Amino acid sequence: MSNQKITLAKGLNMGLRKAMEDDPKVLIMGEDVGKLGGVFRITDGLQKDFGEDRVIDSPLAESGIVGTAVGMALRGYRPVVEIQFDGFVYPAYDQIVCQVAKMHYRSKGRNKMPMVIRIPFGGGIGAVEHHSESPEAQFAHTPGLKVVACSNPVDGYWMIQQAIASDDPVIFLEPKRQYHADKAELDESATPEPLFTSRVVRQGTDVTVLAYGPTVKTAMKAAEAAAGEGKSLEVIDLRTLSPLDMGPVLESVRRTGRAVVTHEAHVNLGMGSELSARITEECFYSLEAPVLRVGGFDTPYPASRIEEDFLPDLDRVLDAVDRSLSF
Amino acid sequence: MSNQKITLAKGLNMGLRKAMEDDPKVLIMGEDVGKLGGVFRITDGLQKDFGEDRVIDSPLAESGIVGTAVGMALRGYRPVVEIQFDGFVYPAYDQIVCQVAKMHYRSKGRNKMPMVIRIPFGGGIGAVEHHSESPEAQFAHTPGLKVVACSNPVDGYWMIQQAIASDDPVIFLEPKRQYHADKAELDESATPEPLFTSRVVRQGTDVTVLAYGPTVKTAMKAAEAAAGEGKSLEVIDLRTLSPLDMGPVLESVRRTGRAVVTHEAHVNLGMGSELSARITEECFYSLEAPVLRVGGFDTPYPASRIEEDFLPDLDRVLDAVDRSLSF
Amino acid sequence: MTQSGSPGFGPDLVEVFGPSQQDGGPELIQLLTPEGERVEHPEFSFGAGLSADEEAEMVRGFYRDMVLTRRIDTEATALQRHGELGIWAQLLGQEAAQIGAGRALRPQDYVFPTYREHGVAYCRGVDPLNLLGLFRGVDHGAWDPNENNFGLYTIVIGAQTLHATGYAMGMQRDGVVGTGDPERDAAVIAHFGDGASSQGDVNEAFIFAASYNAPVVFFCQNNQWAISEPIERQTRIPLYQRALGFGFPGVRVDGNDVLATYAVTQAALQRARDGQGPTFVEAYTYRMGAHTTTDDPTRYRLSDDVEHWKLKDPIARVEVYLKRNGLADDAFFEGVKAEADDLGHHLREGCKALPDPQPLSMFDHVYAEETEELRAEREGYAAYLESFEGSTTAGGHS
Amino acid sequence: MTQSGSPGFGPDLVEVFGPSQQDGGPELIQLLTPEGERVEHPEFSFGAGLSADEEAEMVRGFYRDMVLTRRIDTEATALQRHGELGIWAQLLGQEAAQIGAGRALRPQDYVFPTYREHGVAYCRGVDPLNLLGLFRGVDHGAWDPNENNFGLYTIVIGAQTLHATGYAMGMQRDGVVGTGDPERDAAVIAHFGDGASSQGDVNEAFIFAASYNAPVVFFCQNNQWAISEPIERQTRIPLYQRALGFGFPGVRVDGNDVLATYAVTQAALQRARDGQGPTFVEAYTYRMGAHTTTDDPTRYRLSDDVEHWKLKDPIARVEVYLKRNGLADDAFFEGVKAEADDLGHHLREGCKALPDPQPLSMFDHVYAEETEELRAEREGYAAYLESFEGSTTAGGHS
Ligand SMILES: Cc1ncc(C[n+]2csc(CCOP(=O)(O)OP(=O)(O)O)c2C)c(N)n1
Ligand SMILES: Cc1ncc(C[n+]2csc(CCOP(=O)(O)OP(=O)(O)O)c2C)c(N)n1
Ligand SMILES: [Mg+2]
Ligand SMILES: [Mg+2]
């Protein structure tokens, strides 16, 4: 098959399709995932091709979706659950943190929980309340879950398949504003990197910028702009949030001596806190400045007309870079 | 009224009673809070004295309890909700983070949410699964909520009243293993410190130890033991987790140059991460060592026969102190 | 239902959604047919105690309400198409359900809406311009909930049904239930959709309301769809029967019949005000438009169905009724049309003039008592913004 | 129920818990009275198709099961009193409900228990010693759920009802429902309590099960109490009627009558296996003991009630029946008693011998594929523990 240019939405759709072809135990469950193909069309065409028994339109109840998916997983299936929007994962929170996360532990490994919970996350799409949340820190804080975020079409294609193949439950975060934003070339014959690894996406020497999901693009733009000003940023796409892949991060920060973390989630108790704490523990003597965090402010997500002020953008990232450099 | 020696359970009970006497709008809601007085007897005798309309035994449904409490608050009441155990707050998670936390914001301040959600939290009581959780970081990450933890009987008495008097929703964490552990003398005529403040509970010069709830006692014991070895620990009872009262913390760390944070919650993305990040940002040049974190391991809460290994104890705190000192 | 089944367990519940269901089945309470004929119902009636003139006046009022409500909807839809709103949740086809319910309320009653209750908002006196703000993205709700006893729109499906129940429990404690004083006795109405009926919260609301006998009417607009999920996915028996399992009455009313919806809701509210507890009202209707302006219903439903429901238009039947019985003249209809045009103008002009919020307003109202740390964050951002003042772009680099 | 009510909404639902309710009301399905008399029921019967000998053999089996189950319970309670268990959830009084349900299962069926299903566990062949581990605090569940198709105990109220429904949906996909092959067709049973019926999850389970017609039996032991909350707090109509609102059958069986519980559960399971979907079985019983060994029921309930229910003891009535009808001799009863004594011995000795877990086992099984960071944490803690080796106390300072 020849290479093709695809969007993130397409990459995910193709990845889901591939996973369903490869393993008849893979099921898709969620609201509107059938004929509609999901409100973002990520499951477009899958019910038509795999039938209603494998692409399961559900009643409107997130706890019910995740809870029945637990039962399916216990029966040997590999459910891929779609949560329609980040803000609607909370009715399922109990099932996720008390059941999905703990089943393997509780059962001494006898019950596996090979479940993927897909969550379109983050803001920037001009939506109403509850449609732009970034709930990752809460899941990363929960042992038993693994949490990843894709940032581009090619990763979308591979990572969703790898998440489905994982015998552990994976919270799979998809930056919704990237769904149809950029295209990238997919080589289906390539060998992807392992799922739980971070990746240096731009090399640099002055400051390490850590990002994931939607902020990878922001960080790349910031690096571009900084280069124009003679500052060399190294950008790392974390990809995995739990576990964290600290290897590339520490290696980079030991070189640059400075780190800026950026995410859309609230700064307070966000991923940036953990990264800051770990980097400081591990690179104490290499650090020229404290790890700085650029994220969503510690307010509820605001009305969308001012969401660009809430969200980290390249200016705020560069501001943090400058503050780091002038420490 | 003469001073009396009370337990934490008694302090909370007296504080609730006082709040109900002072304001007829104060209601108590929850499972078994009536005749039984709650499984920990914190509401003992209140239904008898204030009636079933003010001490409301609920159906077994946490989302229902918090959700109806939201309605009560909208109607002008000040509901105090009891969640029976930490691990059972999750069915109400959606109502808490999407409704309780956001109502004031969403309504531009027109709808206040003067609600207290009491959660007995933490381990060490030999309980079965889900009865020993420490969910504070997840609430502290949520703008719109305030989060406090009491650590002793006198604070219990005052803080619960202050939380009830607050016009903002307060997640009120009670270290359940302290309920009946130690007695302290209560002077009801005293003037309490404001609710959202931290307190230095032991002065020291070498390392600052930050604790809250159940670990305050651990930290105090560690300080005692360290003193015997010639090390001077300053212990701060954080009391408020959101907002954080960084003043006393920063002042202390600037003096000692070293900080250890201890809590029962998982280290990863726990309060310790945030404290580490903020302390490092603010005291970068004063720090002699990275902020070290001593907490619950990043596993689900284990079977109770090994919970003392999971929980931070004075040895692990002292180990961190030593590591900090030898940095 | 077929009548065969396993011994002891009663009839099997298959084929409950046969063709008769599309018309609501025999249990549908109707007082005005799609053809504009008044019909009798053994239990519910419209206009009892009113003179013929008063009654006609009310029906004309409903007509006007529905026309204006529809205009709000079509204007908002158009504004969304023109990029003035980010999204709009259309109510097309649900005017009778909303006006019937909205007009049955007394001032002291309290409403907990979903995100689609534009007609009820209108009945409560909320300026429809205020509704647009939310969909434009300038705020999360611009009206004062306590001014008209009309709560803010709730987007998390079903969450508001618990708030409604708790609010009703508050009314019980305030002594405004069952006193017999019509000025005093109050009730709550909780709006939700057919899809919402599957949420745990909604079912818990039923349990709490039943357990405390709370004065709340659960008003469900069964518009047959939850985005692309048909009602059959949420229930296999008529939805109003859900209430029976919780021990309070449920009824199905023709939600496209404003007279019946008014009569039934009014009676249910009165039950609540009288201290007789909760009632479930299923307003059987149809979502004529898309779920929202971003939805594409052609992917999942047949245009035949839409055509079928067009014949049951809630406004047309009232118009026919008024005209055929000489209860309204041309001047009336022209007057309503003119009013609607004015309203349209108000919305178009007003919407475009809605001011964008100030960036720093993001930090307002997070708490009743602001925290130091939030103040510091706000000040930090203010200083940051000021650092760009004078530079050509908002940011230095973008 | 009284028959008056507001017009149109049917009867008011007041006083549903009149005195008759304490005995389960007229809807209670009973085949063996508290006095040990066999009675007929128009829909359900016990022993159809069995010879008299076979039938007696089964009843003796039930008797033995119940006695052994009770012994598990009393031994565990005693072990808790002696400090060997942290807590114990007693089933005293619920033996018939659990044995009736447990014995109605086929090997290929799957059970989702609460934390009190010791009798069902016993029926599934789980060594009761394994149950003690959880309450002793040595693990969160020691048995292999897939060995006997008996899931782990679930403590978060109601969560398992959704797992059960999902598992049943998996069975549908595996083609083991409605094939007509008795060795193949399978069903799921979900256990839960009266209190649990208020949880959103349980109601969502009803919705999913109905929507997909999943082969699941919702088996609710209504033991009248959820800790201190009486059943009246959770529902104001008989609980089995909850199912009607979701469109599937519900029945109330005498949960202290092992024959009736067996017959009804068996029929409900068969319905499920046959592809006829979910059933709600309310086993009407009573929690004779405390909620758990840490509870003090004297604070909230009358000893009179307990006395009343003592007369309905599930074991006594079978004993009377067997004796009166000469279906079991003294040797039988002595044999069962001896077995119970052996079991007691096994539990006492076994419990004390249950090894405490190794501290480092805390890190096991967090993931199927362990993470680097967890491995590092484990190693760090191992090194830390080793640093104390040789010192007198476990830790240097404590
Ligand atoms: C908890 C939650 N899950 C999902 C959504 C996304 N969503 C918005 S509207 C809707 C369908 C609602 O259907 P229904 O209750 O029938 O109301 P209708 O839109 O038809 O008026 C869904 C799934 C949401 N808003 N909240
Ligand atoms: C979600 C949740 N909330 C609260 C509890 C605490 N709790 C344990 S058992 C129980 C009562 C359960 O009553 P019921 O469902 O009737 O079962 P029973 O104990 O009577 O068998 C409660 C409230 C819990 N385990 N889970
Ligand atoms: Mg709908
Ligand atoms: Mg019970």
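Note that the coordinates shown come from a computational prediction; the quantities given were computed from them, not determined experimentally. In what follows, every chain begins at residue 1, and chains take the letters A, B, ... in the order their sequences are listed. All values below come from the heavy atoms of this structure, side chains included, with hydrogens, waters and symmetry mates left out.
Side-chain N or O atoms of A/R110 include none that pairs as donor or acceptor with a backbone N or O of D/E147 at under 3.5 Å.
Interface residue A/S58: backbone and side-chain heavy atoms are both found under 4.5 Å from chain D. Heavy atoms of D/D144 lying under 4.5 Å from chain A belong to its backbone as well as its side chain. Only the side chain of A/D94 has a heavy atom closer than 4.5 Å to any heavy atom of chain D. Contact annotation for A/A61: both backbone and side-chain heavy atoms come within less than 4.5 Å of a heavy atom of chain D.
Nearest heavy-atom pair across A/L74 and D/H163 is CD1-CB, 4.4 Å. Nearest heavy-atom pair, D/Y212 versus A/D57, reported as atom, atom and distance to 0.1 Å: OH-O, 2.6 Å. Across all non-hydrogen atoms, the minimal contact from D/A368 to A/K112 is CB-CD, 4.3 Å. The minimum heavy-atom distance between A/Y77 and D/R173, with the atom names listed, is OH-CB, 3.2 Å. Scanning both residues, D/L162 and A/S63, for their nearest heavy atoms gives CD1-O, 3.4 Å. Residue A/Q99 comes nearest to D/A159 through the heavy atom pair NE2-CB, 3.6 Å, listed as atom of the first residue, atom of the second, then distance.
Surrounding CD of A/E52 are at most 12 heavy atoms belonging to other residues, nucleotides or ligands under 6.0 Å away.
A salt bridge is defined here as a Lys NZ or Arg NE, NH1 or NH2 lying under 4.0 Å from an Asp or Glu carboxylate O, and A/R75 with D/D174 meets this definition.
Highest contact tally toward chain D, considering only A/D167, A/D53, A/V70, is held by A/D53 [criterion: heavy-atom pairs under 4.5 Å]. Comparing A/P114, A/G247, A/G144, A/G109 by heavy-atom pairs within less than 4.5 Å of chain D, the highest count is held by A/G144.
A side-chain contact (heavy atoms from CB on, under 4.5 Å) with A/P243 is found for one member of D/E370, D/E373, D/R375 and no other, namely D/E373.
Here A/M103 contributes atom CE and D/T154 contributes atom OG1; the two are 6.0 Å apart, rounded to the nearest 0.5 Å.
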